[in-house]
Student: 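My questions all concern the structure below.
Each chain gets a letter, A, B and so on, in the order the sequences are listed, and its residues count up from 1. Values in this document were obtained by computation on a predicted structure and should not be read as measured data.
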Number of protein chains: 2
Amino acid sequence: MSKDKTIKRKDQITLIAQNKFREKGYRAVSMRELADHVGIEAASFYNHFNSKESILKEICFRMADEFFNSLEKVTHDEKLPDKILEKAIQSHIKVITSNTDASAVFFLDWRYLSEPVLSEFLELRRKYENIFRKIIKEGMDKGIFEKLDETFTVLTIFSSLNWVYEWYDPKGKFTPDQIAENLSKLILDGMRKQ
Amino acid sequence: MSKDKTIKRKDQITLIAQNKFREKGYRAVSMRELADHVGIEAASFYNHFNSKESILKEICFRMADEFFNSLEKVTHDEKLPDKILEKAIQSHIKVITSNTDASAVFFLDWRYLSEPVLSEFLELRRKYENIFRKIIKEGMDKGIFEKLDETFTVLTIFSSLNWVYEWYDPKGKFTPDQIAENLSKLILDGMRKQ
DNA sequence: TATTTTCGCTAACAACTGTTAGTAAACAAT
DNA sequence: ATTGTTTACTAACAGTTGTTAGCGAAAATA
């Protein structure tokens, strides 16, 4: 059994699906349209996926994995809350900018997941956000950040970060690191006690 | 001809459509489902709208109007760029928080508009963003804001502001004005020269 | 080489999609 | 009272949706 080839076709489908879902939105892309782009018939998908939704699930949970894995490597390196936050932002931006299509699906089309997968997804997202919340709380407790509402601050940070997939251009004037640096500056200077 | 009643039914449809589109996404709501909630048959919509898309169009362009009208009243009152920006943010947040359903449709479902309406919509959005861009540029030129990339700054501001519809709760601990105040503080302190 | 598994195809399904035609009741205007 | 208009209905359309069944060729395993 050539596991390689199976994985390759499955990955190819995921890649094309990401691209099409991003372009038109999950609900607006039919299996037949997807099939055309892959170069197979719609029915052949079911040798690789159980359903259309399971493609969406794959994309969303892969991204969740990427976010977690990338963040994990970072949070143990630094000690100071503002430095940790800076690194965490950098990690987050790196994941988004190296998967813009998947990011768009992750941020927009997760809502088309049905239960119980939907709850699973939201739980993951909550956990991830909580890591940031903890960093911020620590910064406030240690007097490095100004005492603002945590939830509010986390929401605002994520909204700035998560919008990057929309406008990031690999050929544009900002590298992912520069974007992270600018966002960190904008956000951290707004939070820091002065 | 009782124009009143016509307008009322049309408004009722728009209101329910906003709510359902927000809940499930435009493409996931069928005319029959919408009809059930209004209490009519799907075919009866066509006495009030030409198409499903024209309901979406109505919602999106109404919101655009609200944003423009609200902003216009503000920008002539103040003179200093940071004060103008503060007022503009307040105006923007006020529009979002008093139309959360419509905002969700405005920010998420506009992409399902088809040409030429889509281009019309994007042009409006561009115009609106440009007003903010001008304010920021003036602030930078006058040395009130730090010299950062304008486009980048505008994108970041809007991403924080436009996410508010997602989490704003009329019964929550923040009033729209408090949200605007906090966002202004976070953003402006990040931008201001120190 | 023989056998099993993988992966593609065609054909078809039942349900659902937005929308139109035709019609009748309710309503407003004359 | 008689128009004309608005608004709802039923029935149906043509097309699309995700998905399954059944089949054959190719590929991997033995």
Student: In terms of the nearest nucleotide of DNA chain C, which residue is placed more toward the 5' end: B/R27 or A/R32?
Tutor: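 The residue mapped nearer the 5' terminus is A/R32.
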Student: For B/H48 and D/dT6, is the shortest distance between a side-chain N/O and OP1 or OP2 below 4.0 Å?
Tutor: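 Indeed not, no polar side-chain atom of B/H48 lies that close.
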Student: Measure from the side chain of B/M31, starting at C-beta and using heavy atoms only, and say which of D/dG18, C/dG18, C/dC7 lies closest.
Tutor: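 The listed nucleotide nearest to B/M31's side chain is C/dG18.
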Student: Just how far, in rounded Å, is P of C/dG18 from CG of B/L34?
Tutor: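 That distance rounds to 9 Å.
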Student: CD of A/E41 versus C1' of C/dG8: gap in Å, rounded?
Tutor: 9 Å
Student: When the ring planes of B/H92 and B/F107 are compared, do they come out parallel, tilted or perpendicular, using 30° and 60° as the limits?
Tutor: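 B/H92 and B/F107: tilted rings.
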Student: I want to check one thing: is the phosphate of D/dA8, taken as OP1 and OP2, less than 4.0 Å away from some side-chain N or O of B/R9?
Tutor: yes
Student: Quick one: B/N47 CG to C/dC27 C1', roughly how many Å, whole number?
Tutor: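 Those two atoms, CG and C1', are 14 Å apart.
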Student: Rounded to whole Å, how long is the line connecting atom OH of B/Y46 with atom P of D/dA11?
Tutor: 19 Å
Student: Nearest to the A/A43 side chain among D/dT20, C/dT17, D/dT19, which nucleotide is it?
Tutor: D/dT20
Student: Students often get this wrong, so: under 4.0 angstrom with heavy atoms, is B/V38 touching a base, only sugar-phosphate, or nothing?
Tutor: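 Answer is nothing: B/V38 stays at 4.0 Å or more from every strand.
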Student: Output the rounded distance in Å from CD (A/E53) to C1' (D/dT19).
Tutor: 14 Å
Student: Counting the atoms with a prime plus P, OP1 and OP2 as sugar-phosphate, which does A/S30 contact under 4.0 Å by heavy atoms, base, sugar-phosphate, or nothing?
Tutor: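 Touches sugar-phosphate only.
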Student: Should the pair B/F106 and B/F67 be assigned to parallel (<30°), tilted (30 to 60°) or perpendicular (>60°) ring geometry?
Tutor: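 B/F106 and B/F67: tilted rings.
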Student: Does B/S44 place a side-chain N or O at less than 4.0 Å from the phosphate oxygens OP1/OP2 of D/dC9?
Tutor: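 Yes, B/S44 has a side-chain N/O under 4.0 Å of OP1/OP2 on D/dC9.
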Student: Could you tell me the separation between the CZ atom of A/F45 and the C1' atom of C/dC7, rounded to a whole number of Å?
Tutor: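 So the CZ-C1' distance, A/F45 to C/dC7, works out to 13 Å.
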Student: Side chains of B/N19 and B/R22: do they bring a donor and an acceptor to under 3.5 Å?
Tutor: no
Student: Specify the separation, in whole Å, of atom OH of B/Y26 and atom P of C/dT17.
Tutor: 13 Å
Student: Does a salt bridge link B/D11 with B/R62, judged by any charged N lying under 4.0 Å from a carboxylate O?
Tutor: yes
Student: In whole angstrom, give the distance that lies between atom CG of B/N50 and atom P of C/dT20.
Tutor: 9 Å
Student: Determine, for B/F49 and B/K57, whether the Lys NZ or Arg CZ falls below 6.0 Å from the six-membered ring centre while staying within 45 degrees of the axis.
Tutor: no
